[in-house]
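Notes for the one structure printed next.
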There are 2 protein chains.
Amino acid sequence: MTNSRVFLVGAGPGDPELLTLKAKRVLESADIVLYDYLVHPNCLLFCNDSAECICVGKAKGKHSQTQDEIHSIIETHAARGKKIVRLKGGDPLIFGRGGEEMAFLKSKGIDYEVIPGISAGCAVPAYAGIPLTHRTLSRSVAFVTATTLNGTSIDKLELPEADTLVFFMAVSALKEITTLLKKTSRFNQETPAALIHRGTSSKQKVVC
Amino acid sequence: MTNSRVFLVGAGPGDPELLTLKAKRVLESADIVLYDYLVHPNCLLFCNDSAECICVGKAKGKHSQTQDEIHSIIETHAARGKKIVRLKGGDPLIFGRGGEEMAFLKSKGIDYEVIPGISAGCAVPAYAGIPLTHRTLSRSVAFVTATTLNGTSIDKLELPEADTLVFFMAVSALKEITTLLKKTSRFNQETPAALIHRGTSSKQKVVC
């Protein structure tokens, strides 16, 4: 029994000030921080000088650790009694593979805690001035990923019939998504839509 | 032209440590804070001593300001050049009526900014150990409100056909929601479900 503990932490969608107080607190005392490429580098400024920060990738076209490699790094450091922060963009349990890491930690009997982060699905529209729900207009919102584990084509996707839809990682499948949306009775040419690039960052671009 | 500015801020779902760094920063320098009953009182500890904190209600069975009264308070203080924080539980733009407040501020030419908060829809399942999406199992999640502006019966609700569904404010409509879910081909008696009360707080209760 070690006193190690793994924290699966959401860093929020881009703006480093959207980090939570709790995430800041665990970063300050972490021994090891495994972070994704999408995490804003300023989030790492909260780590103490002796912390080891390891980028585990997840950027298109750049070398990334596989999920198994990430598990293996966590397991090794946990066995040494280290306090480990697994820092992910957005929220760790929305399209963040946090569920897989939870399942791994559980299977190894490693103590862990999840610290939610602000999902891009909420914050990116907010920074673009778009409410996701609105009385009289929308009483449901769905987050959908346009990419899949095994590369299944997007046109096989069943669209959730929610009043508002937010697509993650959608740029490369824009044409297919538009075709899909036009097929449903709920959306048409008049339905307001926005495309947001690098949301909440200084490079944010919005096309409505 | 005054230098007033209104911040529509999400306080997160309960645990006051889920406040963002940005929310803390604007609270520290606010002149007026209008907060909902659901906001954890510790969030107000960040306000400076001279700030005026006003509870605008939104608790069942207690007196609440109407939406028009809230708008009117904001307008009055904005005209005096005050820095106003409108602090809401969860995220201001997910079932938080933030869209209505944005529309009001826009119509009055009052400068405002939205600071997203962690939605209960994300954090409450996380604290209960439930990932909302999972590769191979769920590639979409929908947030749905079980209450409506005009009291429309829940059984008139069209359920979003998402892989994971999260109902907000659902306790009083549990029976109707269960009946609705059973009618869809996507869910059956074997579908995992959880009921979470006071999520992320010290009084959290989970029934799976």
Side-chain angles (χ1 to χ4, degrees), chain A residues 8 10 12-13 15-25 91-100 102-103 106 114-119 121-127 129-145 147-150 157-163 200, chain B residues 8 10 12-13 15-25 91-100 102-103 106 114-119 121-127 129-145 147-150 157-163 200:
Chain A
L8 299 176
D15 181 345
E17 263 205 298
L18 292 181
L19 202 71
T20 64
L21 304 179
K22 197 169 189 177
K24 176 174 173 277
R25 177 168 60 82
D91 180 82
L93 299 185
I94 297 191
F95 309 130
R97 301 190 72 170
E100 285 167 73
M102 276 168 64
K106 213 177 253 184
V114 179
I115 301 181
I118 293 193
S119 173
C122 301
V124 168
Y127 272 55
I130 303 167
L132 292 180
T133 66
H134 198 81
R135 286 197 178 203
T136 71
L137 280 178
S138 166
R139 63 182 287 176
S140 63
V141 52
F143 298 154
V144 192
T145 178
T147 66
T148 54
L149 181 63
N150 54 8
L157 178 66
E158 279 180 77
L159 285 185
E161 295 259 319
D163 295 339
T200 83
Chain B
L8 299 176
D15 181 346
E17 262 205 300
L18 292 180
L19 202 71
T20 65
L21 304 179
K22 198 169 188 176
K24 175 174 173 277
R25 177 167 60 81
D91 180 83
L93 299 185
I94 296 191
F95 309 130
R97 302 190 72 169
E100 285 166 73
M102 277 168 64
K106 214 176 250 181
V114 179
I115 301 181
I118 293 194
S119 173
C122 302
V124 169
Y127 271 55
I130 303 168
L132 292 180
T133 67
H134 197 81
R135 287 199 176 201
T136 71
L137 280 178
S138 167
R139 64 182 286 177
S140 63
V141 53
F143 299 154
V144 192
T145 178
T147 66
T148 54
L149 183 60
N150 53 9
L157 178 67
E158 278 181 78
L159 284 185
E161 295 259 318
D163 295 340
T200 85

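Lettering of chains follows the sequences in order, A, B, ..., and the numbering in each one begins at 1.
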**Item:** Part of A/Pro16 within contact of chain B (heavy atom distance under 4.5 Å)
**Value:** backbone
**Asked** In terms of heavy-atom pairs under 4.5 Å with chain B, which of A/Leu137, A/Val141, A/Val144 leads?
**Response** A/Val141
**Message:** If you count heavy-atom pairs within less than 4.5 Å of chain A, which of B/Ser119, B/Gly117, B/Gly98 leads?
**Reply:** B/Gly117
Once rounded to the nearest 0.5 Å, what's the spacing between atom [atom1] of [X] and atom [atom2] of [Y]?
{"X": "A/Asp163", "Y": "B/Thr145", "atom1": "CG", "atom2": "OG1", "answer": "11.0 Å"}
{"X": "A/Leu18", "Y": "B/Leu21", "atom1": "CG", "atom2": "CG", "answer": "8.5 Å"}
{"X": "B/Leu19", "Y": "A/Lys22", "atom1": "CG", "atom2": "NZ", "answer": "13.0 Å"}

**Item:** B/Asp15 portion near chain A, given a 4.5 angstrom heavy-atom threshold
**Value:** side chain
**Asked** Can you say whether B/Ile130 sits under 4.5 Å from chain A via the side chain, the backbone, both, or neither, judging by heavy atoms?
**Response** backbone
**Message:** Pair B/Thr20, A/Ile118 - check side-chain contact (heavy atoms from CB on, under 4.5 Å), show working.
**Reply:** CA-CA 9 Å; B/Thr20 65; A/Ile118 293 193; 3.5 Å; yes
Can you name the nearest heavy-atom pair linking [X] to [Y], along with the distance?
{"X": "B/Glu100", "Y": "A/His134", "answer": "N-CE1, 3.5 Å"}
{"X": "A/Tyr127", "Y": "B/Pro116", "answer": "CE1-CD, 3.5 Å"}
{"X": "A/Val114", "Y": "B/Ala126", "answer": "CG1-CB, 4.0 Å"}

**Prompt:** Out of A/Cys122, A/Pro131, A/Pro125, which one pairs with B/Ile94 under the side chain to side chain contact (heavy atoms under 4.5 Å, CB included) rule?
**Reply:** A/Cys122
